[in-house]
Amino acid sequence: MGGMVDSTGFCAPSTGNIVKGNALHWFRHGLRLHDNPALNHAVCRCVEGSSASGRLFCLFVVDRSRFELPRDEAHNVRMSAARHRFLHDCLRDLDDSLRQRGSRLIVALGDPVKVIPQLLTEWRIGVLTYEKDVAPYSMERDALVNKFAMEQGVEVYVQHSKTLYDLDMLKDKSGGRIPLTYNGFQKLTAQAGRVAKPVALPEGPIPGPDENLISEEHKQWIDTNEYVANTPLLFPGGETEALKRLETSLSDPKWVANFEKPKTSPNSLDPSTTVLSPYLAMGCLSPKVFWHRLADIYARHPKHSVPPVSLHGQLLFREYFHAVGYTTDNFGRMEGNAICKQIPWDRNDELLDAWEYSRTGYPFIDAIMAQLRMEGWIHHLARHAVACFLTRGDLWQSWEQGASVFEKYLLDGDWSLNISNWLWLSSSAFFYQYFRVYSPISFGKKTDPNGDYIRKYLPVLKNMPHKYIYEPWTAPKEVQMRAGCVIGKDYPMPIVDHAVASKQNMQKMKVAYEIQANRISSNSKKKGNSKSGDPPIKRRRL
DNA sequence: CATCAGTTGTTACG
DNA sequence: CGTAACAACTGATG
Ligand SMILES: Cc1cc2nc3c(=O)[nH]c(=O)nc-3n(C[C@H](O)[C@H](O)[C@H](O)COP(=O)(O)OP(=O)(O)OC[C@H]3O[C@@H](n4cnc5c(N)ncnc54)[C@H](O)[C@@H]3O)c2cc1C
């Protein structure tokens, strides 16, 4: 029990006690041993140092206040049980892999800003290493930890291994302003040169911590089975699983070479894309490894697809959105976000709940949300359909609300990517053709005319004839009775008339865009320099 | 200032 | 099944 932290504050360290060769690698994302430059640095430090007594402490800090317990079914849980399970899988897998090298993972509970300083002192750490993370919460937290470490004379070593390129380098290369189009961004990456090769973890044993550092809390957390029980095991977490899934995804080189994202199906019964996203989000898979494996396949298939539709193109979208998220103030919200259209969304919790809990009365939408809640992954175009429906298409609710629901359930929930895509779908940034609206009835029919996807995720409709399954309220009463699903009783009536609402919303978008265009032109008249000191942008009501 | 391209819209009509 | 009409946006480019 010796090494446990009691989170009551930190004790003053005795600086002289630092052991240079002692390294603490702090896992947050980047939950892998391959292509993990910060971890490599820590390993090298403790095996090579002239102080032969160096040890590597691999740590993950579980901050329960950030993601509540999975049993808590309360409305405001931040992470679904499936997300918990995924994280738990990741940590167990890391622990297993580290044990094969004679080390182990240590799990501590508490607020990292308190826990890390305590452990730096207690374990007499000489160097702290971790992967850079650009979400605002992480940046704030890391700044506090860095400050403490510096004061104590602990070296801090940080690497941008979450992305293909170092985001600070892209930021500098673009003069601080990442282009606001995908094409422009592609040119920037072309200037930035080739994607670097991944780095391998040094061979050989890693000198780990003493067994007595393993606390009861740690054991309870890492050994628990409670996450495994109630969630389907479609996508087990962890680096091992990630590398396995990479191999299966690449096993058909023709499929890889011909991949065109817009042609993949949102409602197939098995995923039509790789589902590597959860592994990339948690860092179980290195994007550089994925990138170079694709490049190898492209080299052997000269007629391969190209960005934006190719798989390389998908990774570039990911890169693009991370870069924009990193360099845009207030990126996670509408107010004060310079690249976000200011749109007077409504706030109606009944509509929002109906959307989240599959009660909109549109089977395609409700089935997608059911898959999201149960399995934690939905296809990109399925995300389009439900995001459009919630925002500019039908319900006129804020994309911020939608993003936080997604964040709760998505195994691949990733701050910059989630926000960026919600901005895109709501026509708030990146994409402005708001007159292109997905139909909650027609869109799914193209790839699943029989409605098998709906039958799978909304069993109450499983006997509805295909003719009516996308709009069951149009089925004659007898048909509903025979199908065992009476609309208004067993399954809700539509909460909104899509034909009417989408037309109205299109007009509201037009007005919101006009107001913004006028305000910007009058602003720039007032002060020639629009860059400095933007006035706070106020929410407007129509 | 005009033109063009933009991963992934829908519906009606021939 | 392919194509035009629908209503008409933006950022980049010249
Ligand atoms: C409203 C909305 C919210 C989203 N939120 C997230 C999120 O929180 N986390 C997330 O990873 N993706 C998010 N996406 C993007 C995209 O839907 C998923 O990345 C993709 O569906 C993951 O499936 P895949 O791994 O099979 O993708 P593949 O088609 O196999 O693509 C390979 C990889 O490229 C990356 N990628 C693909 N598309 C995108 C994209 N549009 N934006 C960014 N990266 C992309 C992913 O890392 C993905 O794993 C969101 C999309 C929408 C419309």
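Throughout, protein chains are lettered first and strands after them, A, B, ... in sequence-line order, and every chain is numbered starting at 1. Note that the structure is predicted; figures quoted are calculated from it, not measured.
Comparing the P positions of C:dC6 and B:dT8 gives an interatomic distance of 22 Å, to the nearest angstrom. Using atom P as the reference point in both C:dT10 and B:dT10, the two lie 22 Å apart (nearest Å). For C:dA7 and C:dT3, the P atoms lie 22 Å apart once the distance is rounded to whole Å. Nucleotides C:dA8 and B:dG6 are separated by 23 Å at their P atoms, to the nearest Å.
Between A:His380 atom NE2 and A:Trp377 atom CH2 the span is 10.5 Å, to the nearest 0.5 Å.
Contacts of A:Ser404 classified as side chain to side chain contact (heavy atoms under 4.5 Å, CB included), with partners at least two apart in sequence or in another chain: none. Among residues two or more places apart in sequence or in another chain, the side-chain hydrogen bond (donor to acceptor under 3.5 Å, both in side chains) test is passed with A:Tyr320 by none.
The aromatic rings of A:Trp355 and A:Phe406 lie parallel to each other, with less than 30° between the two planes, well short of the 60° mark. The aromatic rings of A:Tyr438 and A:His384 lie perpendicular to each other, with more than 60° between the two planes, well past the 30° mark.
Shown here, B:dA2 forms a base pair with C:dT13; the pair counts as Watson-Crick or G-U wobble because both key distances fall under 3.5 Å. Here B:dT11 sits opposite C:dA4 as a Watson-Crick or G-U wobble pair (both hydrogen-bonding atom distances under 3.5 Å).
Atom CZ in A:Arg392 sits roughly 13 Å away from atom C1' in B:dT10 (whole-Å rounding). Between the P atom of B:dG6 and the OH atom of A:Tyr320 lies a distance of 13 Å, rounded to the nearest Å. With rounding to whole Å, A:Ile441 atom CD1 is found 18 Å from B:dG9 atom P. Note: NE2 (A:His380) to C1' (B:dT8) measures 7 Å, nearest angstrom. Atom CG of A:Leu381 is separated from atom P of B:dT10 by 10 Å (rounded to the nearest Å). A straight line from CZ of A:Arg436 to P of B:dG6 spans 11 Å, rounded to a whole angstrom.
Among the atoms of the strands shown, none is found under 4.0 Å from any heavy atom of A:Phe430. Among the atoms of the strands shown, none is found under 4.0 Å from any heavy atom of A:Glu260. Using a 4.0 Å heavy-atom criterion, one finds that A:Lys503 contacts no nucleic acid atom at all.
Taking the six-membered ring wherever Trp is involved, the centroid distance between the rings of A:Phe86 and A:Tyr279 falls below 6.0 Å. For A:Phe331 and A:Tyr326, the distance between ring centers is not under 6.0 angstrom.
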With 3.5 Å as the limit, what N/O pairs link the protein to nucleotides 3-12 of chain C?
| unit_1 | atom_1 | unit_2 | atom_2 | d |
| --- | --- | --- | --- | --- |
| C:dA8 | OP1 | A:Lys510 | NZ | 3.4 |

